[in-house]
Amino acid sequence: MAAPQIVVTGLGATTPLGGDVESTWRAVLAGEPGVHALDNTWAEDFGIVSNFAATLKVAADAVLSRQEQRRNDPSAQYALIAARQAWADAGAPPVAPERLAVVMATGIGGLHTMLGAWDTVRERGARRLLPLTVPMLMPNSPAAAVAIDLSARAGAHAPVSACASGAEAVVTAARLIELGLADVVVAGGAEAAIHPLTLGAFGKMQALSTRSDSPETASRPYCATRDGFVMGEGAGVLVLESAAHAEARGAKAHAVLAGVGSSADAYDVAPPDPTGQGQLRAMRAALAAAGPEARANLAHVNAHATATPAGDPVEARAIADALAEALGSREAALAVPVSATKSMTGHLLGAAGAVESIFAILALRDRLAPPTINIQELDPEVPCRVVRDRPEPLPAEGGLAALNNAFGFGGHNMALVFAIP
């Protein structure tokens, strides 16, 4: 029996660029940086070199009740905000709770709760801990919070695959629908991990940009002078359902999830396999699953592109190889515009794959490839046509497809193909 076609009927997000999908997207198209200096004493007190990040544009306390804030770690709060938006955007699908699932990922989990609780134990004793400390710090807390909020009883899953987590949530959601285990799945990623510990730890790995003198230009994927990524926070959520289910209720689909692919480098816990073969396998699988029509319509790539010196060229070469295979020639591959939206959002870690899936879908909707900002000099080791400074139009007529990549420490590789007719 053929696998059911899967469509995206709802989108939700809260990011450093906006409190919802449309405000975020407008800022992306305008090339607005979401990175700024942090107002604290971390740098001086703890020796933090990179005292800047991309924090939420609209704080969670402007959206959620005080009780919702007290009972949820910030990562779960962000997930709730984005999930409620996506659910409303999908028209609150009428689905039995036993046929509704949640897949909500995070890269790190309830970091603020965990570290805050440790401070409480040290300074005031264990008797002063909050009763909900454990459920708040668990990495499955965002998934549980959303499942409870929506009464989703077909499963609440929480992939944890570092910066590939949000995309893996979409892959897992597709599998649930394909296996007939759910009719509707709310899937995405959330991250709230801006803290001196993470800034110090990523800094110790030399993974972060150190451009404290110019935070807004620090995230510069593909630039020859890039020096690392910029920490970000936020959440992105998609509502996925079988095309038959969406059609039966008269729902309008944003896009078809045409193909998904995943692989593992099995090479190192931090840097990617320098051959790019793991990333290529994920893209190759997603494009193969998408079918010949989607491959022929492939018009855009939203790259993982974190702005690390080691990561960007590896992915770019893998993209060029994957597109050349899919489109039949190196020349055709070089014609596909590639965007690196982390240049504006910063790196949302476990939320990145979900938020950037939304960007890929909106690029198809508006037939515009978003820009990559902060490229002063394109790295000659990047063999792709990178969209720079301003959006580029995609073909004005006909079907379109876009590829979105997400990779994570540990060698997790995810690739997603979205399409519109």
Counting only heavy atoms from other residues, nucleotides and ligands, does the tally under 6.0 Å from [atom1] of [X] exceed 12?
X	atom1	result
Glu247	CD	no
Gln206	CD	no
Glu123	CD	yes
Asp39	CG	no
Arg122	CZ	yes

Just how far is it from atom [atom1] of [X] to atom [atom2] of [Y], taken to the nearest 0.5 Å?
X	Y	atom1	atom2	result
Thr14	Lys57	OG1	NZ	11.5 Å
Thr113	Leu137	OG1	CG	6.5 Å
His304	Ile319	NE2	CD1	11.0 Å
Phe359	Lys342	CZ	NZ	10.0 Å
Arg70	Leu64	CZ	CG	12.5 Å
Ser50	Leu199	OG	CG	7.0 Å

For the backbone of [Y] and the side chain of [X], can you confirm whether one donor and one acceptor N or O come within less than 3.5 Å of each other?
X	Y	answer
Asp89	Leu11	yes
Arg124	Val121	no
Ser151	Ala147	no
Ser339	Thr341	no
Thr372	Val387	yes
Asp20	Ser23	yes
Glu191	Gly350	yes
Asp312	Ala307	yes
Gln77	Asn72	yes
Asp227	Thr210	yes

Is the shortest side-chain heavy-atom distance between [X] and [Y] below 4.5 Å?
X	Y	value
Leu403	Met283	yes
Val146	Trp87	no
Ile81	Arg84	no
Arg211	Arg220	yes
Arg71	Met136	no
Ile194	Leu38	yes
Ile6	Val256	no
Leu362	Leu368	no

Q.
Assess whether a salt bridge exists between Arg281 and Glu325, defined as any Lys/Arg side-chain N lying under 4.0 Å from an Asp/Glu carboxylate O.
A.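 Looking at Glu325 together with Arg281, the answer is no, because their closest N to O distance does not fall below 4.0 Å.
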(Q) Any carboxylate oxygen within less than 4.0 angstrom of a Lys/Arg side-chain nitrogen, looking at Arg26 and Glu32? (A)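 Between Glu32 and Arg26 there is no salt bridge, as every charged N stays at least 4.0 Å from the carboxylate O atoms.
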Q: Would you please test Ser357 and Asn404 for side-chain hydrogen bond (donor to acceptor under 3.5 Å, both in side chains) and show each step?
A: CA-CA 6 Å; Ser357 290; Asn404 179 44; 3.1 Å; yes
Of the non-hydrogen atoms in [X] and [Y], which two are nearest, and what is the gap between them?
X	Y	result
Met344	Pro371	CE-O, 3.1 Å
Thr308	Arg226	O-NE, 3.0 Å
Val230	Ala53	CG1-CA, 3.9 Å
Ala286	Ala415	CB-O, 3.5 Å
His300	Ala363	CD2-CB, 3.8 Å
His112	Ala192	CD2-O, 3.1 Å

Can you confirm whether the side chains of [X] and [Y] place a donor and an acceptor under 3.5 Å from each other?
X	Y	answer
Ser343	Asn374	no
Ser65	Glu68	yes
Thr15	Thr24	yes
Asn405	Glu315	yes
Asp366	Trp25	yes

Q: Show your reasoning for whether side chain to side chain contact (heavy atoms under 4.5 Å, CB included) applies to Val103 and Val186.
A: CA-CA 6 Å; Val103 188; Val186 177; over 6 Å; no
Q: Begin with the C-alpha distance, continue with both residues' side-chain angles, and end with the deciding distance and a verdict on side chain to side chain contact (heavy atoms under 4.5 Å, CB included) for Val102 and Val185.
A: CA-CA 5 Å; Val102 167; Val185 183; over 6 Å; no
In a table with atom names and distances, give each donor-acceptor pair under 3.5 Å that connects a side chain of residues 237-245 to protein atoms at least two apart or in another chain.
from, atom 1, to, atom 2, distance (Å)
Glu241, OE1, His245, ND1, 2.8
Glu241, OE1, Arg249, NE, 3.1
Glu241, OE2, Thr9, OG1, 2.6
Glu241, OE2, Arg249, NE, 3.4
Glu241, OE2, Arg249, NH2, 2.7
Ser242, OG, His245, N, 3.1

Q: Please assess Arg295 against Val417 for the test side chain to side chain contact (heavy atoms under 4.5 Å, CB included), listing each intermediate value before the final yes or no.
A: CA-CA 9 Å; Arg295 290 196 296 275; Val417 177; over 6 Å; no
Q: Specify whether His195 and Trp42 have parallel, tilted or perpendicular ring planes, treating 30° as the upper limit for parallel and 60° as the lower limit for perpendicular.
A: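 Answer is tilted, since the angle falls between 30° and 60°.
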Q | Ring geometry between Phe202 and Phe409 (parallel below 30°, tilted from 30 to 60°, perpendicular above 60°) | A |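 Tilted.
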Q) Who pairs with Ser141 by side chain to side chain donor-acceptor pair (under 3.5 Å), at least two apart in sequence or on another chain? A)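 Result, side chain to side chain donor-acceptor pair (under 3.5 Å) vs Ser141: none returned.
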Q: Could you walk me through whether Leu100 and Asp183 pass the side chain to side chain contact (heavy atoms under 4.5 Å, CB included) test, one step at a time?
A: CA-CA 6 Å; Leu100 172 63; Asp183 294 323; over 6 Å; no
